2 protein chains.
Amino acid sequence: MLNMRTARPSPPEDLTARALIRDAAIVHFARDGFRKTSLRAIATTAGVSASLVVHHFGSKERLRAECDEFVIGNMLATAHDKASPAGLQAVIQSYLANPAEYEVDVAYLSRAISEETAAGQNFVDTIVDETEAIIRAGIADGSMNPSSDPRAEAVLITMTSLAMMTMTSHLARALGFEGRGLGQETMRRLALPSVELYTHGLYTDETVLNITRNALAVTPEPASVPGAEPMPAREYSRREDTR
Amino acid sequence: MLNMRTARPSPPEDLTARALIRDAAIVHFARDGFRKTSLRAIATTAGVSASLVVHHFGSKERLRAECDEFVIGNMLATAHDKASPAGLQAVIQSYLANPAEYEVDVAYLSRAISEETAAGQNFVDTIVDETEAIIRAGIADGSMNPSSDPRAEAVLITMTSLAMMTMTSHLARALGFEGRGLGQETMRRLALPSVELYTHGLYTDETVLNITRNALAVTPEPASVPGAEPMPAREYSRREDTR
DNA sequence: ACCCCGACTGAACAAGTGTTTAGCATGTTG
DNA sequence: CAACATGCTAAACACTTGTTCAGTCGGGGT
């Protein structure tokens with residue numbers, strides 16, 4: 001009801017050809033990527049000629065720009081006017097309510113992030129900023145643990161969240177949900193472990209933390225940073241080796 | 001010294017043309033992606049004709065397969081024979097020691113994951129399994145917190161780690177390292193916050209955890225899963241709303 | 001009535017693609 | 001020496017790509 005901007009439940013016929021082309025392009029870009037989709041393919045699923053596509057949009061690149069604006073711009077817009085700090089939550093919940101409707105938009109966003117579109121970068125940056133604000137507020141009101149670097153923590157959490165979008169297929173496969181509707185069951189399966197991780201952490205003590213602190217203290221800036229990232233889970237396997 | 005399989009310090013001249021083509025293809029695939037790179041571009045940087053590429057490899061697709069095998073296969077191989085459970089750690093540390101040498105391989109792997117190559121999927125699945133084993137061992141020996149779903153936790157952590165590869169450019173940009181050598185400074189900046197997060201968690205109490213548990217208990221399986229994932233950080237913002 | 005302007009199409013173009021073909025060396029084998 | 005395989009190339013082929021070019025259709029405005 002509230003989302004007629006991002007999700008497009010519009011009837012098939014009473015749309016202008018221009019809108020039909022845009023929607024078809026969004027579907028194709030989301031499913032096959034920008035480079036792989038041809039103007040003729042878009043024209044076919046839109047039921048028009050290839051020339052009409054460029055007649056309306058000028059070029060394939062400008063068509064992409066318009067699709068970016070339509071999908072991602074609307075995502076950010078609906079997120080912004082719904083409450084100030086954590087307005088994104090409404091969108092997220094609305095998505096989780098029925099992922100099928102947003103499937104195309106999520107796939108499109110994922111492509112935009114992977115292909116590093118201007119709109120995709122803008123989206124990522126916006127969410128990072130928003131997340132940082134949330135974290136700082138959470139630390140201030142005591143609901144979240146203090147961090148040595150809230151900005152970096154925000155980046156970390158944002159990328160983790162976005163990775164759930166860009167790697168849906170890998171997620172589903174690793175969990176055994178191959179054929180099923182990507183997302184629904186996968187998200188449900190990941191929900192609890194994710195919150196557990198965010199509540200209790202992974203490690204039981206500060207062994208790894210201290211090792212990391214020492215390693216970073218030793219190497220001030222330019223040289224190497226041994227044994228810290230990006231797979232912190234591995235550290236434990238040589239715990240006694242606390243040199 | 002120990003890595004002459006993944007990193008290629010080989011002198012320029014004494015390589016067979018076949019190897020030259022393979023290496024050139026790896027660079028191009030890593031930097032521009034599979035679809036965007038043309039056989040002629042590969043041939044040019046390899047200093048040979050385009051026909052020779054297909055003469056040696058049969059087709060572009062088979063060339064890709066061979067590059068996959070060479071880069072990713074070697075990654076997995078060197079990871080496997082170095083200690084059994086957490087053998088990957090050696091590779092990771094070797095990478096963190098001097099990321100520049102592995103830059104191409106990391107970029108290549110990232111592409112393989114994004115483009116969902118067979119080898120890329122295999123790599124992801126392998127690391128998930130390996131991570132799951134590590135987590136189960138860590139829980140058993142008390143160094144890690146118990147999880148309601150170790151498999152899902154392993155998937156979560158793996159995807160987070162891999163996201164650091166597939167989203168290097170976004171990471172760097174969000175942290176302000178635009179022009180610098182992608183990785184080095186970014187990794188250093190993220191190391192401590194990441195371990196902090198894995199040690200103490202994000203939330204100070206179990207409010208969000210309980211909310212999530214209740215939400216999952218209410219909706220058993222088929223229907224919607226409101227307010228849980230994939231952005232758990234947002235939950236806090238309506239803490240008092242503990243309906 | 002004219003004209004024009006917009007939406008729209010089919011055909012053609014130029015460039016780029018992966019792949020094929022024929023052929024040139026060159027060295028090895030009978 | 002002849003025959004042949006091998007590493008290699010230039011040219012061409014078949015095809016797809018994004019884009020351009022007339023040109024048709026139809027409805028308003030004057």
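All values derive from a computational prediction rather than experimental measurement. Below, read A as the first sequence line, B as the second, and so on, with proteins coming before strands; counting in each chain starts at 1.
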Side chain to side chain donor-acceptor pair (under 3.5 Å) pairs touching residues 60-70 of chain A, sequence neighbours excluded, are A/Arg18-A/Glu66, A/Glu61-A/Arg64, A/Arg64-A/Glu115, A/Arg64-A/Thr117, A/Asp68-A/Tyr108
>> Taking A/Val106's backbone N and O only, do any of them form a donor-acceptor pair with A/Ser110's side chain (distance below 3.5 Å, no angle check)?
In response: no
Across all chains, not counting sequence neighbours, the salt bridge (Lys or Arg N to Asp or Glu O under 4.0 Å) partners of A/Asp32 are none
Atom CZ of A/Arg35 and atom P of C/dG16 are separated, to the nearest Å, by 12 Å
From CG of B/Leu63 across to C1' of C/dT19 the rounded distance in Å is 14 Å
Please check: side-chain N/O of B/Arg111 versus main-chain N/O of B/Ala30, any donor-acceptor pairing under 3.5 Å? yes
Under 3.5 Å, which donor-acceptor pairs link side chains of residues 44-55 of chain B to any protein atom two or more places apart or in another chain?
| from | atom 1 | to | atom 2 | distance (Å) |
| --- | --- | --- | --- | --- |
| B/Thr44 | OG1 | B/Arg40 | O | 2.8 |
| B/Thr45 | OG1 | B/Ile42 | O | 3.3 |
| B/Ser49 | OG | B/Leu52 | N | 3.4 |

For A/Gln121, the side chain to side chain donor-acceptor pair (under 3.5 Å) test, sequence neighbours excluded, returns none
Encoded 5' to 3' (Watson-Crick or G-U under 3.5 Å; [ ] crossing; | other strand), DNA chain C becomes .||||||||||||.||||||||||||||||
DNA chain D: first to last nucleotide in contact with chain B (atom under 4.0 angstrom from a heavy atom), 5' to 3', is D/dG7 to D/dA12
In whole angstroms, the gap separating C1' of C/dG10 from NE2 of A/His55 amounts to 15 Å
Protein heavy-atom contacts under 4.0 Å, written 5' to 3' over nucleotides 23-28 of chain C as B (base), S (sugar-phosphate only) or - (none), form the string ------
Only one of B/Leu109, B/Asp105, B/Val104 passes side-chain contact (heavy atoms from CB on, under 4.5 Å) with B/Val71, and that residue is B/Asp105
Polar side chain donor-acceptor pair, B/Thr158 to B/Thr131, under 3.5 angstrom: yes
What residues 40-54 of chain A contributes to the DNA chain C interface at heavy-atom separation below 4.0 Å is A/Arg40, A/Val48, A/Ser49, A/Ser51, A/Leu52
A/Ile157 backbone acceptor or donor facing A/Ser161 side chain under 3.5 Å: yes
Rounded to whole Å, CZ of A/Phe57 lies from P of C/dG6 at a distance of 17 Å
Residues passing the side chain to side chain contact (heavy atoms under 4.5 Å, CB included) test with B/Ala19, sequence neighbours excluded, are B/Leu15, B/Thr16, B/Arg22
Contacts of A/Asn122 meeting side chain to side chain contact (heavy atoms under 4.5 Å, CB included) (sequence neighbours excluded), chain-then-number -> A/Leu76, A/Thr126
Salt bridge (charged side-chain N to carboxylate O under 4.0 Å, His left out) pairs touching residues 151-168 of chain A, sequence neighbours excluded, are A/Asp129-A/Arg151, A/Glu132-A/Arg151
Contacts satisfying ring pair (Phe, Tyr, Trp, His ring centres under 6.0 Å) that involve residues 21-50 of chain B (not counting sequence neighbours) are B/Phe29-B/Phe34
Residue pair B/Arg18/A/Ser38 against DNA chain D: nearer the 5' end by closest nucleotide is B/Arg18
